[in-house]
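The next block holds one structure in the form of structure tokens; read it before the comments.
None of the values given here were measured: they were computed from a predicted structure.
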Amino acid sequence: MQTQTMRNLSEAILVRMGKLHLYLRHRGTEEAQQELDRKYEGQYRNAGLVLLFDLFMALAVVVVVAVLAGILYLVLS
């Protein structure tokens, strides 16, 4: 029962993130719907997953650059 509730909550969050992302990026609802159908197979959940993955990848790049900068600083100083 607990896992079903968590699954529904995560699903709702992904759907909301996907809708928000599409409608902020494509101001018109028709453009957002076309993008949803073409790129995300008509699922707001998929749009939310892609957005979440992109955010994690950006965070990973920042962490890698920070670690490399720290290593360079320690080696060169």
Can you list everything that forms a salt bridge (charged side-chain N to carboxylate O under 4.0 Å, His left out) with R38? Sequence neighbours excluded, please. E35

Return the set of residues passing side chain to side chain contact (heavy atoms under 4.5 Å, CB included) with L9 (not counting sequence neighbours), or none when no residue passes. I13

Side chain to side chain contact (heavy atoms under 4.5 Å, CB included) filter on V67, not counting sequence neighbours, yields V63, I71

Hydrophobic clustering (ILVMFWY, side-chain heavy atoms < 4.5 Å, transitive) - are L36 and L49 grouped together? no

Same cluster or not: Y40 versus V15, using hydrophobic residues (I, L, V, M, F, W, Y) connected whenever any side-chain heavy atoms lie under 4.5 Å apart? yes

Give me the one residue out of N46, L52, V50 that meets side-chain contact (heavy atoms from CB on, under 4.5 Å) with L14. L52

I need the L22 CG to L51 CG distance, nearest 0.5 Å. 9.0 Å

With sequence neighbours excluded, what pairs up with E11 under the side chain to side chain contact (heavy atoms under 4.5 Å, CB included) test? R45

For the CZ atom of R16 and the NZ atom of K19, what is their distance to the nearest 0.5 Å? 7.0 Å

Considering all heavy atoms of both residues, which atom of A47 and which atom of G18 are nearest to each other, and what is their separation? CB-CA, 3.9 Å

List the residues meeting side chain to side chain contact (heavy atoms under 4.5 Å, CB included) with L20, not counting sequence neighbours, and say none if there are none. L24

Residues at least two apart in sequence or cross-chain that pass salt bridge (charged side-chain N to carboxylate O under 4.0 Å, His left out) with E31, listed by chain then number, are none

